[in-house]
2 protein chains.
Amino acid sequence: MAKPRNRLDDASERAHAKVNKFASRQAELANAALTTLAELGYARTSLRDIADNTDFSHGVLRYYFNDKDDLIVQCIRQYKSVCVRRYDLAIETAGTQEDLLNAFLQKLTETLLNETKIHRLWYDLRSQALFDKVLWTDVKQIDSDLENMVWRIIERYARLGNSTPKLTPNAAYAAIDGLFQAALVRFVSGEEDADTELADELRKLMRVIV
Amino acid sequence: MAKPRNRLDDASERAHAKVNKFASRQAELANAALTTLAELGYARTSLRDIADNTDFSHGVLRYYFNDKDDLIVQCIRQYKSVCVRRYDLAIETAGTQEDLLNAFLQKLTETLLNETKIHRLWYDLRSQALFDKVLWTDVKQIDSDLENMVWRIIERYARLGNSTPKLTPNAAYAAIDGLFQAALVRFVSGEEDADTELADELRKLMRVIV
DNA sequence: TAAAAAACCTTACAACTGTAAAAAAATTTC
DNA sequence: GAAATTTTTTTACAGTTGTAAGGTTTTTTA
């Protein structure tokens, strides 16, 4: 039986809707900011640049975010939600070591080619966080999430091959991330086969670290 | 027998001295810029910030460098000259695999602790280069020099142990650099034992990649 | 539907940016 | 030691920055 609605319910529903609307507008703007930042980089992006990629004026950004850092932190969180569970399906469905590795490398090279600029931004922001304490907490959180993601893959890879990882989660992520970053650098600088090189290198690396 | 000096010799000597003086003043300023950049990061450093770390006014920077990018490129070259041959002596004198690894890790953890800010700047500039083509050539050159340096170590390490490297120079450098970068992040964020962790992780990594 | 509130836009501002030109000081030249 | 040149400082400038305040429009409220 439906609850009879009274004035209080109406008010709280409206309030709720308002919060949601505010949040979704925030997300919309953060998304536009993400695009702009990915294009220009942290150092070269102004609030006006970001606003130019929306239907709003740059003053509106001040309405939805306390300041520029606040906006960028929201951006980072937006990024996180996109990238952190990318490989989970591949991990679960893979039945053999080779399947798992193929699925992982497939996704990884795919995102290297298709989301190049976002990855470029990620490394930019991670560097910035070393100078700007405000960004630090969120960046660290994403890095940790990525590390966990990589470790889930490594653990499953090891289990499927009846072996054990030879590195700590820390080191395994750092090494794989290093290879990805280097491949990104190569790809941005015009090497078209950066993706297949990355896959080859990662195959060799996986072979020795588990 | 001393060559009799004539007017032409004098003139060319003076010209030479002048060039040297200009170059050494350039180097002096680039060095100050390096310090400031290391402190504040690329995005937050203005020409006035740099000049404040010298006895000169910010207009002088324009006299010695064409523009800001020119100054920063000189900075990067200054950095390169400092860092690229850091491990050569250790490589040459080491007689056993263990000696070599110890010497390498010793130097590496030392520079992690003592030159933290310069390393932080390096990763910052490498990220910037992905957005700014002007920085690209010099950054790429340093990256390549560092890769060669790491590869000399790996090759010698392998030879001393009668084994062969299991990764390409590319991948070996990327993995080791990844570990170093992660250790830098940990150290900057306050983990005091980041250096010993780095050493442990690198020992494990070296064991499996050659 | 009039009043109130929220959402959004325009404009303004003070600080800072890289660059440039002109003035001053120091050095070199003859 | 006067003139010319180089080096350095000062000052100026036009553009950009993040931020804020004051309106205007739109939506909600009663």
Side-chain angles (χ1 to χ4, degrees), chain A residues 5-30 32-33 36-37 40-75 128 132 134-135, chain B residues 5-30 32-33 36-37 40-75 128 132 134-135:
Chain A
R5 71 171 38 196
N6 59 27
R7 189 144 54 149
L8 200 67
D9 280 349
D10 280 355
S12 85
E13 261 176 39
R14 275 197 305 273
H16 200 249
K18 193 155 290 185
V19 168
N20 280 346
K21 193 183 170 194
F22 188 85
S24 82
R25 179 59 46 99
Q26 267 195 328
E28 180 190 348
L29 291 172
T36 314
L37 281 165
L40 302 176
Y42 177 91
R44 295 159 197 77
T45 302
S46 71
L47 293 180
R48 283 167 182 80
D49 291 327
I50 295 170
D52 287 349
N53 269 344
T54 73
D55 292 331
F56 306 103
S57 71
H58 77 280
V60 177
L61 291 171
R62 265 281 295 176
Y63 180 74
Y64 284 99
F65 303 94
N66 292 332
D67 55 21
K68 197 186 178 184
D69 279 330
D70 185 25
L71 168 58
I72 289 182
V73 164
Q74 297 279 4
C75 255
Q128 294 314 313
D132 188 349
V134 175
L135 305 178
Chain B
R5 71 171 38 194
N6 58 27
R7 191 145 52 153
L8 201 67
D9 280 349
D10 280 355
S12 84
E13 261 175 38
R14 276 196 305 272
H16 200 248
K18 193 156 290 185
V19 168
N20 278 346
K21 191 184 170 192
F22 188 85
S24 80
R25 178 61 45 99
Q26 266 195 328
E28 180 190 347
L29 291 172
T36 314
L37 282 165
L40 303 176
Y42 177 90
R44 295 159 197 78
T45 303
S46 71
L47 292 179
R48 283 167 181 80
D49 291 327
I50 294 170
D52 287 350
N53 268 344
T54 73
D55 293 330
F56 306 104
S57 71
H58 77 278
V60 177
L61 291 171
R62 264 284 294 177
Y63 180 74
Y64 284 98
F65 302 94
N66 293 332
D67 56 22
K68 197 186 178 183
D69 278 330
D70 185 26
L71 168 58
I72 289 182
V73 164
Q74 297 279 4
C75 257
Q128 294 313 313
D132 187 349
V134 175
L135 305 177

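Proteins get letters first, then strands, A, B, ... in listed order; numbering begins at 1 in each. Both backbone and side-chain heavy atoms feed into the values below; hydrogens, waters and symmetry mates do not. For clarity, every value in this text was computed on a predicted model and none was experimentally measured.
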I need the [atom1]-[atom2] distance between [X] and [N], as an integer number of Å.
X	N	atom1	atom2	value
Arg25(B)	dT6(D)	CZ	P	16 Å
Asp69(A)	dG18(D)	CG	P	10 Å
Arg44(A)	dT17(C)	CZ	P	16 Å
Arg48(A)	dT10(C)	CZ	C1'	12 Å
Leu47(B)	dC13(D)	CG	P	20 Å
Tyr42(B)	dT17(C)	OH	P	14 Å
Tyr64(B)	dT19(C)	OH	C1'	18 Å
Arg62(A)	dA12(C)	CZ	P	18 Å

Can you name the one residue among Leu71(A), Asp67(A), Asp52(A), Val60(A) that meets side-chain contact (heavy atoms from CB on, under 4.5 Å) with Leu47(A)? Leu71(A)
Within the 4.0 Å heavy-atom criterion, would you say [X] contacts the bases, only the backbone, or no part of the nucleic acid?
X	result
Asp55(B)	sugar-phosphate
Phe56(A)	sugar-phosphate
Phe65(B)	nothing
Ser46(B)	sugar-phosphate

Are [X] and [Y] close enough that some pair of their side-chain heavy atoms sits under 4.5 Å apart?
X	Y	value
Tyr42(A)	Leu135(A)	yes
Tyr63(A)	Arg25(A)	no
Asp132(A)	Arg44(B)	yes

Please state whether the phosphate of dT8(D), meaning OP1 or OP2, lies under 4.0 angstrom from any side-chain nitrogen or oxygen of Tyr63(B).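 No, outside the criterion.
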By nearest atom, which of the nucleotides [options] is closest to the [X] side chain?
X	options	answer
Ser57(B)	dT10(D), dT10(C), dT19(C)	dT10(D)
Lys68(A)	dT6(D), dT19(D), dT10(D)	dT19(D)
Asp49(B)	dG18(D), dT6(D), dT17(C)	dT17(C)

Rounded distance (nearest 0.5 Å) linking atom CG of Asp69(B) with atom SG of Cys75(B):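 Nearest 0.5 Å value for the CG-SG distance: 11.5 Å.
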Looking at the base of dT19(C), is there any donor atom on it, or on the side chain of His58(B), that sits under 3.5 Å from an acceptor on the other one? yes
When both distances are under 3.5 Å in a Watson-Crick or G-U wobble arrangement, the nucleotide paired with dA6(C) is dT25(D)
